[in-house]
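All residue numbers refer to positions in the sequence shown, counting from 1. Values reported hereafter were calculated over all heavy atoms of this structure, with side chains retained and with hydrogens, waters and symmetry mates removed.
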Amino acid sequence: MNKPGYQTELQEIRSHIRSLSGNVPLHRSASRRRYSFADLPFGEQLAIWDEVWRSENNFWTRLHAYFFLERHLKKESELREMWPVIVHWLDQVDDWGLCDALAKVYTKILVVMPDEVYAQLKAWNSDENLWKRRQSVVSLLYYSRTKKQHPSFEDVERLIAPLLTDKEYYVQKGVGWALRELHTVYPKEGLAWLKMHIRQLSPIAFTIAMEKLDTATVNELKALRKRK
């Protein structure tokens, strides 16, 4: 049920978004609209967008809630304030687009709240929900170039290893993504880990994990993978 006092704001958001058509860049541009509640404190605006996310079962509407978060990734105080709210947004995710959008936010919060966020990722790692399992590894490094601080090699490997045999396609894509970025951040340890576990990788994860490696290394890993 919508919270009292938010009806006007919710209707304003819905009317704006329903008037749009087009792709993600168009919606991103349109998300910069200045709403009537734009001068409210961050926490009050977050509450409105939280209501939007939870009450609107629509990709584009939820994407605008994400765009709100995306504009607030620089202040540690706001990252800390949004975590207890948006940690529950993953419960409504049923596609890779929104899952990975949240990863961009969760990975930033991981830097400022490492213990709490890592504990949540660890819990998601064995969840029956495939998007939570995917999130548990994608959020660890996301695109490593977007951050200056990263979890330890051991903390990343600890969550990748249990998902090597996961049967879900999108989880395996997440595993490959995490392995690709792991090697970028920890090249020596990452390569050694790949060599040790190369035959355990699914074809999907293997293909993505190889994306940033040089040809000689890829050929070496392919040869190890074929060994009986």
Side-chain angles (χ1 to χ4, degrees), residues 1-121 123-124 127-136 138-139 142-143 146 170 174:
M1 181 177 295
N2 295 336
K3 297 177 182 178
Y6 290 165
Q7 294 297 329
T8 301
E9 292 86 350
L10 292 173
Q11 186 56 44
E12 183 182 0
I13 292 169
R14 289 170 181 146
S15 296
H16 174 54
I17 297 174
R18 288 170 184 170
S19 70
L20 304 173
S21 62
N23 54 23
V24 171
L26 182 147
H27 277 266
R28 184 186 298 279
S29 178
S31 75
R32 299 187 183 97
R33 170 196 175 108
R34 184 172 176 80
Y35 288 104
S36 63
F37 53 87
D39 290 327
L40 291 177
F42 171 75
E44 292 185 43
Q45 293 188 61
L46 176 62
I48 292 168
W49 287 108
D50 177 49
E51 187 64 19
V52 168
W53 183 283
R54 293 187 296 105
S55 64
E56 295 288 319
N57 186 19
N58 177 277
F59 171 83
W60 295 109
T61 308
R62 285 177 174 162
L63 189 64
H64 280 250
Y66 158 72
F67 287 146
F68 168 76
L69 299 180
E70 193 179 47
R71 293 191 290 273
H72 293 271
L73 298 181
K74 294 183 178 180
K75 291 184 179 180
E76 179 175 333
S77 60
E78 292 180 345
L79 290 171
R80 290 181 177 276
E81 188 172 358
M82 70 173 68
W83 172 249
V85 176
I86 69 167
V87 66
H88 303 293
W89 285 17
L90 193 56
D91 295 337
Q92 281 81 44
V93 166
D94 59 4
D95 65 81
W96 67 266
L98 291 176
C99 183
D100 295 354
L102 287 179
K104 181 177 181 179
V105 182
Y106 292 158
T107 198
K108 294 289 188 180
I109 305 175
L110 178 62
V111 173
V112 300
M113 302 173 61
D115 294 339
E116 187 169 350
V117 177
Y118 185 82
Q120 182 62 72
L121 297 181
W124 284 339
D127 198 279
E128 63 181 14
N129 184 319
L130 75 92
W131 301 112
K132 291 184 177 181
R133 299 199 303 280
R134 177 183 171 93
Q135 190 67 258
S136 74
V138 173
S139 286
Y142 188 62
Y143 290 106
T146 65
Y170 285 106

Requested in this report: Return yes if some donor-acceptor pair links the side-chain N/O of Gln92 with the main-chain N/O of Asn57 below 3.5 Å, else return no.
Outcome: no

Query raised in the report: Relative to the ring of His72, is the ring of Phe68 parallel (under 30°), tilted (30 to 60°) or perpendicular (over 60°)?
Result: tilted

Query raised in the report: Hey, does the side chain of Arg80 reach the backbone of Met113 with a donor-acceptor pair shorter than 3.5 angstrom?
Result: no

Query raised in the report: Will you find, in the side chains of Gln11 and Ser15, an N or O donor that is under 3.5 Å from an N or O acceptor?
Result: yes

Requested in this report: State whether the side chain of Trp53 and the backbone N or O of Trp89 hold a donor-acceptor pair below 3.5 Å, judged by distance alone.
Outcome: yes

Query raised in the report: Can you say whether the rings of Trp131 and Tyr170 are parallel (under 30°), tilted (30 to 60°) or perpendicular (over 60°)?
Result: tilted

Query raised in the report: Around Trp96, counting heavy atoms of other residues, nucleotides and ligands shown, do more than 12 lie under 6.0 Å from its CH2?
Result: no

Query raised in the report: Will you find, in the side chains of Ser55 and Glu51, an N or O donor that is under 3.5 Å from an N or O acceptor?
Result: no

Query raised in the report: Charged N to carboxylate O under 4.0 angstrom, Asp91 versus Arg54?
Result: no

**Report entry** Test side-chain contact (heavy atoms from CB on, under 4.5 Å) applied to Tyr106 and Ile86, Val138, Leu69, the passing residue
**Finding:** Ile86

Report task. Find the distance between CG (Leu46) and CD (Glu78) and round it off to the nearest 0.5 Å. Result -> 9.5 Å

Query raised in the report: What's the spacing between Trp60 CH2 and Leu98 CG if we round to 0.5 Å?
Result: 10.0 Å

Query raised in the report: Would you say the ring centroid of Tyr66 lies under 6.0 angstrom from that of Trp49?
Result: no

